[in-house]
Amino acid sequence: MNPIARLIVEAWPYALAFAIGAFIPRREGRLERLALGLIGVLSVAFVRGLWPGASVGEGGSEWPHLLNLIVFLPIVGSAVVLFLPRQAPRLLKRFSMGVLIADFGVSLLLLRGSMSHGWHYQYIAEWLPSFGIRYHVAVDGISFWLVLLSTLSSPLALYVSFGSIRKRTKELCFAFLLLHGAMLGAFVSLDLFLFYVFWELMLVPMILIIGVWGGAEKVKAAYKFFLYTMAGSMLMLAAILYMVWTFKQLEGYYTFDYLALRRLLLEDRAAWLCFAGFALAFVIKVPMWPFHTWLPDAHVQAPTGGSVILAAVLLKLGTYGYVRFCMGMFEGPAWQAGATLAWVALLGGVVYGALCAWRQADIKRLVAYSSVAHLGFVMLGLFAATQAGVEGALIQMVNHGISTGALFILVGVIYDRRHTRLSSEYGGLAKVMPVYAALFVVFTMASIGVPGTNGFVGEFMIIMGTIVSQPLGRWATSQAVVAAFGVILAAVYMLSVVQKVFFGPLNNPKNEKLQDVTPRETLALAPLLVLVFLVGLFPSVILDRMHESVSGVVSRYVEGRVLYQQHLGKAGATLKPRKGGPTEVGYPKAAGVAAVDRPATSDGARVAARVGGAR
Amino acid sequence: MQTIEKLFPANDFALLLLILGMPLIGAFINGVFGKRLGKGGVRLMALTALGVSFLASVVSFFMLRAAQGDGSEGPARFLWRGWEWIRLSRAGEASFVHAGGEPSVLALDVAFSIDALSGTMALIVTGVGFLIHLYSTAYMEHDAGFHRFFAYLNLFIFSMLVLILGNSLPILFVGWEGVGLCSYLLIGFWFDDDANASAGKKAFIVNRVGDFGLLVAMALLVRYTGALDWDGIAAGSSGLLSEVRIWDGQVFASFLPDFIVQPRSVTAATLVGLALFLGCAGKSAQIPLYTWLPDAMAGPTPVSALIHAATMVTAGVYLVCRLAGVFTLSPAAMLVVAVIGAATALFAATIALVQRDIKKVLAYSTVSQLGYMFLGVGVGAFTAGFFHVMTHAFFKACLFLGAGSVIHSLHARIHDTDASQTVDNMGGMRRFMPVTHLTFGLSVLAIAGLPLTSGFFSKDEILYSAYTRSVVSEQSGAFAWWPGTGAVLFGVGVLAATMTAFYMFRLYFLIFRGEFKGWQIDPNFREPEGGHHDHHHHDASEPLVGPAPRESPWPMTVPLVVLAVLATFAGFLNAHPLHVIPLEHWLEPVFGDAVPSSRLAHSDPEHALMVPLLVPGVLAFLIGAGLAAYMYVVRKGVPARELAESFPALYRQLMDKWRVDELYDELVVGSLEALAEASVWVDRWVVDGIIARLTSSLVGLWGHLLRLFQTGHAQVYAATMVVGLFVMGWFVAIPRAEAVVATDASSGRYSVRAAPGLGYEYRWDADGDGAFDQGEEFGQTMQVTIELEPGASRDVTLQVRNVFGRIRTRVVPVRRELRDGSAPSAALSIHGRGAP
């Protein structure tokens with residue numbers, strides 16, 4: 001074919017997407033149109049590039065420093081911000097946005113691989129050899145999407161923050177960049193010490209964001225957030241230390257490495273205590289009933305950008321931690337607790353969270369409680385521990401980031417204009433802000449899981465994964481039914497607020513002159529809007545890169561539980577046999593000795609571990 | 001034809017993309033760019049989308065006919081597979097990869113298929129949809145939300161087609177919720193009135209209750225059949241016969257009566273059937289979920305015609321037909337379908353008898369007719385039920401559009417939605433609107449069941465089937481229908497048919513006969529400037545004057561004529577008494593393939609009762625119509641008023657729709673609200689109270705207590721110090737004998753190690769002979785090692801002496817367990833606390 005003709009044939013979806021984005025009516029400004037067009041082009045490229053069966057760059061080797069770059073670009077950026085002049089807010093804003101967008105761009109490089117079984121972009125360096133602490137980062141099909149979710153939501157959150165926050169820009173930029181780096185670090189750490197450091201590091205900028213730029217009771221909310229999270233993580237630290245010590249007893253050397261510590265088969269009581277330590281830390285972060293009350297307070301007091309990050313990413317660290325560490329290291333206790341915890345997630349999250357959300361007068365509080373309900377679904381999928389359930393939970397994490405993040409941005413829009421979030425203050429807004437109303441309704445539909453949007457895919461997979469679940473045993477069917485019931489409640493609370501805010505007569509004269517969405521808000525919402533439908537219609541684009549890792553996690557979970565049962569009642573701790581294969585690449589060999597266990601298989605070529613790196 | 005067949009092979013039938021895609025494109029363009037396109041552009045876009053979609057449906061229909069005529073076995077079906085949507089786990093398989101290595105996954109594709117059933121349904125939807133789009137271009141002409149309206153309407157058609165053409169239950173569900181969403185948006189189309197928005201919300205939430213049933217049904221199907229696409233469900237349907245324990249009777253077994261405590265189980269098919277039917281009841285407005293449909297009349301009238309009469313509400317019937325193979329596995333579920341259908345038909349008809357809002361009458365009539373359809377499919381007469389879907393789509397759409405035409409012409413002067421819909425402002429419209437009058441009249445005849453009209457054939461087919469047919473189980477000892485069921489269902493059906501004839505003729509007489517009551521007609525009247533758009537209520541004291549109501553423009557009358565013709569003559573598609581049954585032949589392969597004839601019982605295989613059973617149906621028509629004519633034409637409505645006055649309580653109940661809405665408000669909404677309030681209270685005072693406030697106040701309390709000791713008096717500090725030193729000295733003076741046992745499981749060697757201490761000396765009795773091993777001397781031996789045979793045990797005695805000469809004794813029992821071979825031999829274990 002004529003190359004020009006081929007170019008036309010190949011390029012028409014991009015051109016069409018660009019045209020649709022650029023010619024959306026009622027937008028002013030050429031730059032905004034250009035950006036919307038680019039978002040269209042990017043989304044087409046995203047779908048086409050990730051289409052199952054599309055050629056992936058499997059041949060190219062993985063650049064080992066990619067994750068280091070992704071994690072440390074924002075952290076170094078935050079250090080640089082400290083040296084920029086406070087008097088130049090434009091420079092600060094542009095620099096921070098530049099760093100975050102660059103980070104997003106770099107993280108897109110992760111998409112080049114196919115996320116086959118095992119660890120990718122792995123990088124290992126000794127950090128504190130005498131304690132067996134290493135800098136060990138890698139992604140697999142589970143953490144991978146959460147990394148992308150973070151690198152996408154942070155720039156959006158910071159961008160909307162600049163719209164409403166005018167004071168202390170420098171500190172804001174610093175806090176956001178540091179928070180961003182710490183979150184990414186926590187997602188990619190495979191060393192428990194490193195994970196813990198990032199986990200705690202996240203807290204500091206987040207309480208600053210809530211406590212400095214928040215609402216009327218910001219300090220109280222920040223304290224509550226901090227103390228809740230801290231209480232959980234202290235117990236987790238204790239559990240980590242116990243496990244490291246036990247491992248030393250068995251193998252003779254210290255290591256904090258996840259790959260090594262997950263081999264531990266602790267004595268029954270110790271296993272339960274360690275599981276409880278980890279699970280409590282994650283359950284508080286998720287948050288699950290009854291540890292959820294910090295969330296509405298934190299959300300309501302946090303500025304819009306902070307809420308977006310909190311909902312989109314921070315909560316996901318709890319669910320991610322549960323699937324990675326609790327399910328990965330304590331299969332037996334996790335399996336046995338699963339059926340009970342699933343009831344907690346259902347009744348305390350899906351049902352109770354929804355009921356509480358329904359009666360909230362404050363829209364932001366309502367969205368916060370809806371998060372409790374959504375994350376109840378996520379946790380249910382994890383407890384079900386079937387592949388459909390876990391994949392549903394993972395994609396629901398992404399979905400919740402998209403739709404709840406967007407809802408927080410949307411609530412921020414009217415808060416910026418009217419400085420109130422009480423739904424009774426509004427009514428009939430669809431008349432004066434039609435675009436805003438349309439966007440809100442679309443994201444509402446995504447949030448309540450109307451099929452065709454992203455929310456449905458996650459909820460559907462979770463329900464279908466629950467009913468065939470073995471860990472839930474005889475309760476599987478009733479739990480699936482209650483989960484399905486949650487779908488009704490979601491419609492009740494979200495549609496009530498939509499009706500109160502947008503429909504009915506425009507009674508309040510203060511609302512008559514409200515401005516519709518500004519270019520800044522449009523640009524922040526457009527990618528999320530596109531994603532709502534991309535994930536809803538083509539979920540396999542995302543699921544395809546999860547299958548192998550989730551399959552590994554699920555089968556490991558089943559096997560680990562069998563080993564646990566065999567070990568049950570025996571005194572002392574022991575180790576599970578090593579499985580080998582790609583999931584054990586990077587296994588720590590011995591204390592102090594900078595040696596990495598390399599597998600003898602041909603996979604060795606893909607190992608990106610570097611030995612004896614920076615100390 | 002051959003080129004078309006070559007272009008669209010049966011297993012890659014891309015023509016479906018055209019059918020589905022056009023309305024979607026129309027919705028997108030009208031929704032996003034509609035304001036810029038202007039009314040002409042929007043109208044062109046919407047009609048083109050529907051027109052092309054309709055033509056493509058016609059082409060597919062004829063291709064299906066050609067394929068089905070081949071003599072090939074089984075029903076013809078054209079499939080188009082898009083892309084993989086999601087994967088689900090099968091029962092008993094945690095991972096998608098089976099333990100043996102081969103994949104075991106339930107892959108769901110975005111796939112669509114068209115067969116005789118869905119092809120016919122698609123024709124109805126796109127055909128009636130096109131007519132109603134055309135009608136709406138005139139009806140909505142002056143509405144500010146013109147483009148928004150057509151965007152929603154096109155989106156609705158798209159969703160409805162997804163529902164019909166989806167090749168699996170989840171894809172159907174996409175359309176199912178999609179039509180619910182469009183219905184929500186269209187009912188609340190005039191959202192400035194809170195009542196409209198509330199009606200939309202109510203419709204959505206009640207529908208969601210039904211969707212909950214559908215979700216549960218899908219989950220159960222995944223578990224028991226391992227599939228969700230039509231072929232897979234049919235192939236795995238034997239799994240649905242397994243018994244499911246729904247009540248294990250363990251709860252409070254000691255003091256509950258026996259019949260409660262007994263474990264209960266039903267077949268999975270019954271559960272699936274009931275769950276599916278909950279979905280159908282939600283979407284098709286059956287008891288107990290019908291309450292949203294009358295409220296849904298708040299939407300524009302074309303919407304009522306399209307969504308709430310002709311297409312969306314029949315989706316439930318379609319679903320029962322589509323999954324006939326699952327439903328017929330459970331006679332119990334089918335009985336529920338039939339009984340609910342008959343009950344709804346009667347119940348809704350009673351309410352329709354007295355309503356004065358013409359759209360409300362039609363709405364309850366729709367609910368009642370939908371009941372008929374479920375009665376038909378419930379007794380296993382799927383063709384009869386589906387045939388009624390079709391004829392009902394014609395006559396009810398025509399009735400709604402006719403009502404809309406009347407409302408439109410009244411609204412032109414009255415400017416009030418409610419006032420222009422009540423029969424109190426109508427009468428005598430026959431003179432002003434001849435086309436509307438004629439078409440409405442024909443449709444009334446059809447729905448009332450005048451012999452040889454479409455409603456006559458479809459309704460009597462259902463009544464006949466209700467009397468003669470039943471569903472039986474292939475398993476012995478399973479649930480069976482009571483023999484008199486058919487007669488009861490038949491009787492209820494005839495009673496409802498009588499009422500239908502009565503209320504439809506009543507409506508017709510009140511609208512078109514008698515005197516016009518809307519306003520005083522003044523032929524020289526001119527509309528005041530800008531009068532059309534103010535929707536305020538007119539002052540009641542001053543009589544309204546206006547021109548004679550006008551007939552509607554052609555875009556509104558043409559659809560009326562077409563639909564009236566169809567309503568009159570479509571009966572011959574399936575005229576059983578005349579033995580003209582093309583529809584039955586056409587659908588036979590689909591239902592015959594899905595339902596083995598052994599599941600359906602027929603008490604009248606020779607059709608001997610067919611003609612005799614027509615008589616009650618005809619009598620129902622004659623009595624109902626005659627009574628209405630007597631009451632409203634001969635006696636001018638006097639008997640109706642007298643009846644209402646002599647039974648005021650009953651009349652009030654009927655006017656208030658039996659107060660079911662109020663009941664639900666109290667019972668369901670009220671208790672849910674109370675539960676929510678309780679949750680909020682618990683959240684604030686119990687959960688937050690205990691975890692946050694109580695803990696923080698406990699910490700605070702300790703702070704307060706400890707602060708009491710920080711008095712600042714040096715004497716107090718010194719005294720505390722002395723006490724502290726004394727306690728520490730006491731602690732040092734008492735020796736502690738503690739030991740830790742380390743086990744080497746393989747060899748049976750146990751080493752007992754004493755805890756270290758300041759100046760401690762030890763002596764041991766390791767061999768358990770009662771005497772210390774090294775005599776009475778204390779030494780520095782901190783550890784002893786012993787070996788034990790399996791099953792043996794020994795007490796090791798340890799004595800510790802500290803520098804003050806005080807001695808403590810500790811006996812450590814050591815026991816070696818009897819081991820079976822399963823223990824990991826090489827594993828090193830540690831036990832207890834303390835460092836090795």
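The model shown is predicted, which means the values in this text are computed figures rather than measured ones. Here is the naming used below: chain letters follow the sequence lines, and residue numbers restart at 1 for every chain.
Residues B:W85 and A:L537 share a closest heavy-atom pair of CD1-O, 3.5 Å.
Only the side chain of A:L489 comes within contact range of chain B, with heavy atoms under 4.5 Å apart. Neither the backbone nor the side chain of A:E459 comes within less than 4.5 Å of any heavy atom of chain B. With a 4.5 angstrom heavy-atom cutoff, B:R148 does not touch chain A via any of its atoms. Heavy-atom distances place the side chain of B:R36, and not its backbone, under 4.5 Å from chain A. Proximity to chain A is limited to the side chain of B:L181, based on heavy atoms less than 4.5 angstrom apart. Only the side chain of B:L228 comes within contact range of chain A, judged by heavy atoms closer than 4.5 Å. For chain B, no part of A:W294 is nearby; none of its heavy atoms comes within less than 4.5 Å. Interface remark: B:L672 contributes backbone and side-chain atoms alike to the contact with chain A (heavy atom separation under 4.5 Å). Interface residue B:V682: backbone and side-chain heavy atoms are both found under 4.5 Å from chain A.
For A:Y352 (side chain) and B:D683 (main-chain N/O), a donor-acceptor pair under 3.5 Å exists by modelled atom type. A:W358 places no side-chain N or O within donor-acceptor distance of the main-chain N or O of B:E677, the cut-off being under 3.5 Å. Judged by distance alone, with hydrogens and angles left aside, the side-chain atoms of B:R208 form a donor-acceptor pair with the main-chain N or O of A:V487 at under 3.5 Å. For the pair B:S89 (side chain) and A:A388 (backbone), a donor-acceptor distance under 3.5 Å is present.
Between chain A and the residues B:W190, B:W176, B:W83, B:F28, the most heavy-atom pairs under 4.5 angstrom are made by B:W83. Between chain A and the options B:V216, B:D211, B:D192, heavy-atom pairs under 4.5 Å are most frequent for B:D192. Contact count versus chain A (heavy atoms, under 4.5 Å) is highest, among B:G178, B:S696, B:G188, B:S198, for B:S198.
Checked against the 6.0 Å centroid criterion, the rings of A:F460 and B:F173 do not qualify as a close aromatic pair.
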* **Verdict with reasoning, B:S95 to A:S551, per side-chain hydrogen bond (donor to acceptor under 3.5 Å, both in side chains)** => CA-CA 5 Å; B:S95 155; A:S551 179; 2.8 Å; yes

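A salt bridge links B:D688 with A:K224; the closest basic N to acidic carboxylate O contact falls under 4.0 Å.
Ring orientation note: the planes of A:F503 and B:F191 are tilted relative to one another, at an angle of 30° to 60°.
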